[in-house]
Enquirer: 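Have a look at this one before I ask anything.
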Amino acid sequence: MTSVSAEADTAALAMRASQPPVELVSGSNGGVERAFRAICLLAILLPLMLLVLLFGGALIEAIPRLSWDFLTSYPSRRAAAAGILPALVGSAGLMLLTAVMAIPVGLGAAIYLEEYAKPGKVTALIELNISNLAGVPSIIYGLLGLEVFVRVLNLGRSLIAGAATLALLLLPMVIMASREALRTVPRSLREACFALGADRWQTLRQVVLPMCMPGVLTGVILSLARAIGETAPLITIGALTYVAFLPDSIDSPFTALPIQIFNWVSRPQPEFHINAAAGIVVLLALMLMMNGAAIWLRTRLRRRIYW
Amino acid sequence: MRAENIHAWFGPTHALKGVTMSIVDRQVTAIIGPSGCGKSTFVRCLNRMHEVVPGARVEGKVLLDGQNIYGTRINPVRVRRHVGMVFQKPNPFPTMTIRENVLAGLRLNGQSSSDPEHVVETALKQAALWEEVKDTLGKSGSSLSGGQQQRLCIARALALEPDVLLMDEPCSALDPIATARIEELVHELSSKYTIVIVTHNMQQAARVADFTAFFYQGEIVEYGETDVIFTRPQNQRTEDYITGRFG
Amino acid sequence: MPSQNVALSLHAPRARSERVIARVLQACGWLSVLTTAGIVAVLLFEALGFFREVSVIDFLTDTEWTPLFADKHFGIWPLLSGTLLTTIIAIAVALPLGLLAAIYLSEFARPRVAGVLKPVLEMLAGVPTVVYGYFALTLVTPALQRFVPGLSGFNALSPGIVMGIMILPIIASLSEDAITAVPASLREGAYALGGTKLGAVFRVVLPSASSGIIAAVILGVSRAIGETMIVAIAAGQQPRLTADPRVPLETMTAYIVQVSLGDTPTGTLEYRTIFAVGLSLFVMTLLLNAVSHRMRARILKGGAL
């Protein structure tokens, strides 16, 4: 800090020495600044444009394969006949089971930290853990799921093992989103409820949760939109890459949309790359729909609460 | 109701330093004093709301009908059913309708009234809100005006038929007309309920209260009949405050 | 209710359900601790099984990684160098772009423009990595092959660049936080000395924000190290100790994917290798995250500038 201001000092002194006493009008600096500003803006727009270009490329590639048949067919050794039905059903089941597991536990942990926990070492430990877990690479969760769910609990390479793994992966995100939603409920409403002779749980059930549910659900859907594209942990626990049947129970082996895409990308034949592009278009469309649903839900449920 | 030697803390801050005070049944008692004198803290000690704030602590006794509400086997949740509270800012539950707001206390306490409509009507009539909302009971509580919202909060507290009603600066967020209505209401309610009202407005204390206590720096300076406090205060600091020399 | 009012009943015991609920909620909180403990236990258990058969010295010094061949070598270096090379390329892309983006958002953009650009930029981090992998393999590599002679179909360069775009938002948003945290007084000090905006940014703001920017880069490195699908798809599956970004190689994460895709029976040495690699990965990312977290916490407290 001191060195910086000292530098600036000398620079200013040097400037004063070399320049005529009063020189207030100068255009050159403005030009440099404008150029730099344009470079900065380019740093944002360039990667965005690249992304648009790549999406456009994938879309053009995919168009010949995008059809109702593609959505309703089973995978095939012939690229042109292959579809994503088992992958779509698998992903849907996976998301449903993941949500069923991650929402209650994540919301419960958030409620504990926001409403029940007293500040102290234990709470600090839990909070540190959650922020650490958020930074663990997803493939490590895959190794955990492989050992614990697939092997020790003997669930096999099943839908439920995959969903449990994804639920653990999502937990930090769900907890953080729920805590933020809980914080939006004003203290005064909790106090009003206490003053009516309600205990903590009643206050939560009757007043706090109804108010923060839109926020919680929005957070959950956004996390699920991320989870639907997760590939590495599912590969690690051994989701099948070729499935010619639909999962019929939570114990069934399964495949998922990103796994199917990965499978097609890994084939050397370019026809399969076209399938991958079509799968990507479907995956991104699903993610967009989930994000849209989250926004719609937030505004719709907000409207019901008048302020 | 009687408070004996109440001390209260917020973390390290000693907010109340040994307040002893008997509150007369079915009368209005006003608590006045400059901001930060502990008057809000004191009423929150009367229904165990002070301890809801993280880091807050209370010592002393509050006797309600002869029982110490800080006794060992007392459930604070039960205490609050008998000692209702109305807050500075109106805070109806935004996810509930007007009817649900009034019934919230009963529902929270797991009591199903045999005639909820009667409870709603009685409480809203007592709070002088019935005529204005009787056709819109299904609308959200937050659709009302500020003054109506505060009367809804009063109805919500009255629906539980409390023994004591605590009001923590209930008019500070309201306009003068709404304030006048609440004051009128306080006066009417005093025939049935023991009321303790905190106010920073001395005229309000003079208008509504039978008894007035003057708090200063966490201690009770003077307490007596409102007429006496305002016309012949015994203590110099009370007089200074009432005549507007500080605060 | 009237009956209750006659005999004031303040004594009712606290509902037992309230205590049960508190316990259940606490258990939900503890699940996160359990998850961490589970990760550590699983990785250590299997990795210890691995190190019972392969010495730690070999693991850390051998320069070949061939566990799936007849002539087995278990040196982590080829995988580590693959991870480091792709990470360095990613940072080389993400740091300058992210930093310039952060400067634009904090110094030049009007609040409304920044409000639009930030979530759009965040989208870069939200694209599924399998999609990025597809881009790297089928679009970026062929495009690069026109300019880079000798670029093979699988290489470190293309996935590195794409990974850089993926971690750009992290570096941009954390750098922006660091820049915004620089007190206005320092900036004004520079202006008062007759400095231009550009001068203030480069001579005062960026040096003051440097530790925050370093923290951002460290977190970006951690993400790049743990990133799996982009490199698994586009970098190849050939463990190779090299600094040449044009040839196929294999990262630590890609190796785990490679073994997971095969039918390696559980309990074999090959199966355990992925946990040994996983443990190395976990330790590296944990350390980097902790360092970055520490640095950011210090900045938030206003301790170090």
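Because the structure is predicted, anything quoted here is derived from the model rather than measured. Numbered from 1 within each chain, the chains take letters A, B, ... in sequence-line order.
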Enquirer: Is C/Leu137 in contact with chain A via its backbone, its side chain, both, or neither, using a 4.5 Å heavy-atom distance?
Expert: side chain
Enquirer: Relative to chain A, which of C/Ala41, C/Ala234, C/Ala290, C/Gly29 shows the most heavy atom pairs under 4.5 Å?
Expert: C/Gly29
Enquirer: Mark yes or no for whether A/Thr231, through its side chain, and A/Pro258, through its backbone, hold a donor-acceptor pair below 3.5 Å.
Expert: no
Enquirer: Donor-acceptor pair, C/Glu227 side chain versus C/Met229 backbone, under 3.5 Å?
Expert: yes
Enquirer: Measure A/Ile228 against the heavy atoms of chain C and call it side chain, backbone, both or neither at under 4.5 Å.
Expert: neither
Enquirer: If you count heavy-atom pairs under 4.5 Å between each of A/Ser131, A/Gly142, A/Gly108, A/Gly229 and chain C, which one has the most?
Expert: A/Gly108
Enquirer: Select one option (side chain, backbone, both, neither) describing which atoms of C/Val259 are under 4.5 Å from chain A's heavy atoms.
Expert: neither
Enquirer: Heavy-atom distances under 4.5 Å only: say whether C/Leu219 touches chain A with side chain, backbone, both or neither.
Expert: neither
Enquirer: Determine yes or no for a side-chain-to-main-chain donor-acceptor pair under 3.5 angstrom, with A/Thr123 supplying the side chain and A/Lys118 the backbone.
Expert: yes
Enquirer: Find the one option among A/Gly238, A/Pro47, A/Gly106, A/Pro270 whose heavy-atom pairs under 4.5 Å with chain C are most numerous.
Expert: A/Pro47
Enquirer: Looking at A/Arg200 and A/Glu115, would you say the former's side chain and the latter's main chain have a donor-acceptor pair under 3.5 Å?
Expert: yes
Enquirer: For C/Thr253, which atoms come within 4.5 Å of any heavy atom of chain A: side chain, backbone, both, or neither?
Expert: both
Enquirer: By a 4.5 Å heavy-atom criterion (distance strictly below it), what part of A/Tyr141 contacts chain C: side chain, backbone, both, or neither?
Expert: side chain
Enquirer: So, for C/Ala101 and C/Ala172, which heavy atoms are closest and what is the spacing to 0.1 Å?
Expert: CB-CB, 4.2 Å
Enquirer: Quick one: does any side-chain atom of C/Ser158 pair with a main-chain N or O of C/Ala136 as donor and acceptor, under 3.5 Å?
Expert: yes
Enquirer: Relative to chain A, which segment of C/Glu46 carries a heavy atom at a distance below 4.5 Å: side chain, backbone, both, or neither?
Expert: side chain
Enquirer: So which of C/Phe282, C/Tyr132, C/Phe275 has the largest heavy-atom pair count under 4.5 angstrom toward chain A?
Expert: C/Phe275
Enquirer: Just so I understand: if I count every heavy-atom pair under 4.5 Å between each of A/Leu146, A/Val152, A/Ile130, A/Asn291 and chain C, which residue has the most?
Expert: A/Leu146
Enquirer: At a heavy-atom separation under 4.5 Å, does C/Phe154 approach chain A through its side chain, its backbone, both, or neither?
Expert: neither
Enquirer: Please check: side-chain N/O of A/Glu230 versus main-chain N/O of A/Pro233, any donor-acceptor pairing under 3.5 Å?
Expert: no
Enquirer: Could you tell me whether the side chain of A/Ile111 reaches within less than 4.5 Å of the side chain of A/Leu182, counting heavy atoms only?
Expert: yes
Enquirer: Of the backbone (N, CA, C, O) and the side chain (C-beta and beyond), which part of C/Ala200 lies under 4.5 Å from a heavy atom of chain A, both, or neither?
Expert: neither
Enquirer: Most heavy-atom pairs under 4.5 angstrom with chain C, which of A/Gln202, A/Met287, A/Glu147?
Expert: A/Glu147
Enquirer: Side chain, backbone, both or neither: which part of C/Thr228 has a non-hydrogen atom closer than 4.5 Å to chain A?
Expert: side chain
Enquirer: Tell me whether A/Ser91 contacts the main-chain N or O of A/Leu257 through its side chain, where contact means a donor paired with an acceptor under 3.5 Å.
Expert: yes
Enquirer: Going by distance alone, is a donor N or O of one side chain under 3.5 Å from an acceptor N or O of the other, for C/Ser222 and C/Asn289?
Expert: yes
Enquirer: Heavy-atom pairs under 4.5 Å with chain C: which of A/Val265, A/Leu50, A/Leu42 has the most?
Expert: A/Val265
